[in-house]
Amino acid sequence: MLLTLAVSGYRSLRDLVLPLDRLTIVTGPNGSGKSSLYRAIRLLADTAQGRVIGSLAAEGGLQSTLWAGPEEVSRRMRIGEVPLQGTIRRNRIQLRLGFASEDYGYALDLGLPQDRGIFGRDPQIKCEAVWAGEVMRRGNVLARRTGPLVEILEDGGERVPVLTDLPSFESMMTHAADPRHAPELLALRERMRGWRFYDHFRVDADGPPRRARVGTRTPVLAADGADLAAAIATIREIGDPGALDEAIDDAFPGSEVEVTEASGLFEIRMHQKGLLRPLGAAELSDGTLRYLLLVAALLSPRPPSLLVLNEPETSLHPDLIAPLGRLIARACDATQVIVVTHAASLVDGLGVVKGARLLSLEKRLGETAVDCEDRPRWEWPKR
Ligand SMILES: Nc1ncnc2c1ncn2[C@@H]1O[C@H](COP(=O)(O)OP(=O)(O)OP(=O)(O)O)[C@@H](O)[C@H]1O
Ligand SMILES: [Mg+2]
C-alpha cells in the first residue's frame with residue numbers, strides 16, 4: 001500500500017507531501033489542484049512505462065507545468081505586507097515526484113534541458129532513487145541515479161555502478177531494472193505498471209464503449225472502456241457475477257445486463273423495467289453507460305494494487321452517487337483506491353468507509369495546500 005505521495009514544483013503543487021490510506025478521497029474547490037494531483041500520480045506511473053518525458057510534452061512541456069509562483073513565499077508576502085514577487089533563485093528549477101509504500105519508495109527529479117538542438121526542449125531526468133522503507137535516508141538507498149550514472153547497493157553494502165551512460169530522457173526504472181543486479185527495482189517497476197487509472201470515459205455517440213467489438217477474455221477494462229462488453233462477460237465467467245448483478249440492481253432497480261455475441265462481436269444488452277426489448281450500448285444514456293463502465297472497472301477480477309479514479313461522478317445522476325460509493329467501498333477490500341472528486345455526496349458517502357482518509361485541497365496564494373496534522377516525513381534525493 002502507498003503511504004506517502006510527494007510532489008514538488010508541479011503546477012500549483014509547489015510542495016506537497018500527503019499521507020495516503022486504503023481509501024483516499026481528494027476533494028476541493030475549482031482550481032484547488034485536484035486534477036494536478038491526479039496527473040502527478042499518472043506521471044509517476046508513466047515513469048515506469050518509460051513515458052514520463054512524452055507525457056510532460058503532451059501537457060505542454062516542462063516549462064508550462066513548473067510551479068509558476070515564487071520559489072519561496074515569505075511571511076510578509078503571505079500576510080500581504082509586501083507584494084508577491086520572485087526573489088533571486090537559490091535552488092534549481094525542478095519538478096519532483098515520489099511515493100513511499102511500506103516496503104519501498106521511489107522519487108525522481110526532472111530539470112531543464114542543457115543541450116541545444118532539435119530536442120533542446122526535452123526535460124531531463126536529473127536524479128532518481130529507490131529506497132527500502134518509508135523515508136529515504138543515507139543508508140537505505142538501494143539504487144540511485146545521478147545524471148548518467150546508476151549505482152546499486154550490493155549485498156555487502158557496497159555501491160556498484162551498473163550504468164554509466166544512461167541518457168537524460170530515460171529512467172533507471174526502465175533501463176536498470178535488471179533481475180540480477182536490481183530485483184527490487186524490477187519488482188517496484190512492475191508494481192507501478194500495475195497501477196490503474198480511470199478518467200473521463202468518452203460516451204458520446206461515437207465513443208468507444210458504444211461500439212460492438214470482437215471480444216476476448218478481459219479481466220481489466222481498458223482505460224477508454226472500449227471492451228466493456230468483454231469485461232462484463234469476463235466478470236460473469238471468472239469474477240463475482242453476484243456483485244455485478246447487485247451493483248446494477250442497486251443503481252437501476254429491476255434492471256439486468258447481459259452480453260451477447262454474434263460472429264465474435266460482443267455487445268451489452270440492458271433489460272430495463274417497462275421496456276419490451278433490451279437496449280444496446282448505442283442506446284443507453286450517457287450516465288447509464290458511465291455507471292456500467294465504472295462497475296466493470298471496479299469489479300475487475302484482477303484487482304490492481306492501486307486504482308485511481310478521476311471525478312467518477314461526472315454525468316451521473318445524484319441517485320447513482322450512493323451506489324457508486326458502495327462499489328468503491330467494496331473495491332477497497334482488494335485494492336488501494338484514490339478518488340478525486342468534487343461531488344460532496346460522494347465525499348460524504350465514502351468518508352464513513354473504514355480506512356478512509358479525506359484530503360481537502362485549497363488554494364492559498366496560488367499554491368495548493370492541505371490541512372493534515374500528520375504530514376509524513378519526506379526527503380528528496382539530491383542531484
Ligand atoms: N505552472 C503552474 N504554476 C502554478 N499554478 C498553475 C500552473 N498551471 C496551472 N496552475 C493552476 O493550478 C490550479 C489547479 O488546477 P487544477 O486543474 O488541478 O484544479 P482542480 O482542482 O482540478 O479544479 P477544477 O475543479 O476546476 O477541475 C489552477 O488554478 C491553475 O490555474
Ligand atoms: Mg480538475
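Counting starts at 1 for both ligands and their atoms, in listed order.
- Taking every non-hydrogen atom of Ser36 and a distance limit under 4.0 Å, the qualifying atoms of ligand 1 come out as 14 (C), 15 (O), 16 (P), 18 (O).
- A 6.0 Å sphere centred on CZ of Arg364 holds more than 12 heavy atoms belonging to other residues, nucleotides or ligands.
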Steps toward side-chain hydrogen bond (donor to acceptor under 3.5 Å, both in side chains) verdict (Ser171, Thr174): CA-CA 6 Å; Ser171 162; Thr174 45; 4.6 Å; no
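- Inclusion of Gly33 in the set of residues having an N or O under 3.5 Å from an N or O of ligand 1 is warranted.
- Of all the atoms in ligand 1, the ones that sit under 4.0 Å from a non-hydrogen atom of Leu66 are 1 (N), 2 (C), 3 (N).
- Every atom of ligand 1 with a heavy atom of Ser64 under 4.0 Å away is listed here by number and element: 1 (N).
- A ring-centre distance under 6.0 Å is not found for Phe119 and Phe169.
- Nearest to atom 8 (N) of ligand 1 among the protein's heavy atoms is Arg11 NH1, 3.7 Å.
- Atoms of ligand 1 lying under 4.0 Å from any heavy atom of Trp67, numbered from 1 in the order shown and given with element: 3 (N), 4 (C).
- For the atom pair CD1 of Ile41 and CG of Asp46, the computed distance is 12.0 Å after rounding to the nearest 0.5 Å.
- Criterion: ILVMFWY side-chain heavy atoms under 4.5 Å apart, direct or through other members. Under it, Trp67 and Leu5 are not part of a common hydrophobic cluster.
- Within ligand 1, the atoms closer than 4.0 Å to a non-hydrogen atom of His342 are 25 (O), numbered from 1 in the order shown.
- Taking only nitrogen or oxygen atoms, main chain and side chain alike, Gly69 does not reach within less than 3.5 Å of ligand 1.
- Residue Gly366 has no N or O atom closer than 3.5 Å to an N or O atom of ligand 1.
- In summary, the atoms of ligand 1 found under 4.0 Å from a heavy atom of Lys363, numbered by their order in the structure, are 13 (C), 28 (C), 29 (O).
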Please tabulate, for side-chain N and O atoms in residues 317-330, each donor-acceptor pair with protein atoms closer than 3.5 Å (sequence neighbours left out).
from, atom 1, to, atom 2, distance (Å)
His317, ND1, Asp319, N, 2.9
Arg326, NE, Asp250, OD2, 2.8
Arg326, NH2, Asp250, OD1, 3.0
Arg326, NH2, Asp250, OD2, 3.4
Arg330, NH2, Asp240, OD2, 2.7

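- The number of heavy atoms from other shown groups lying within 6.0 Å of CG (Leu275) is above 12.
- Residue nearest to atom 26 (O) of ligand 1, selected from Thr368, Asn30, Leu95, Leu361: Asn30 (by heavy-atom distance).
- Each of the following atoms of ligand 1 lies closer than 4.0 Å to a heavy atom of Pro29: 21 (O).
- Closest to atom 14 (C) of ligand 1, if we only count protein heavy atoms, is Gly31 O, 3.3 Å.
- At least one N/O/S atom of Ser35, from backbone or side chain, sits under 2.8 Å from the Mg ion (ligand 2).
- Considering only heavy atoms from C-beta on, Leu294 comes within 4.5 Å of Phe201 through its side chain.
- Remark: side-chain polar atoms of Ser360 are not paired, donor with acceptor, to backbone N or O of Thr27 under 3.5 angstrom.
- Atom numbering of ligand 1 starts at 1 in the shown order; those under 4.0 Å from a heavy atom of Ser35 are 17 (O), 18 (O), 20 (P), 22 (O), 27 (O).
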Test side-chain hydrogen bond (donor to acceptor under 3.5 Å, both in side chains) on Thr368 and Ser12 and set out the steps. CA-CA 5 Å; Thr368 296; Ser12 59; 2.8 Å; yes
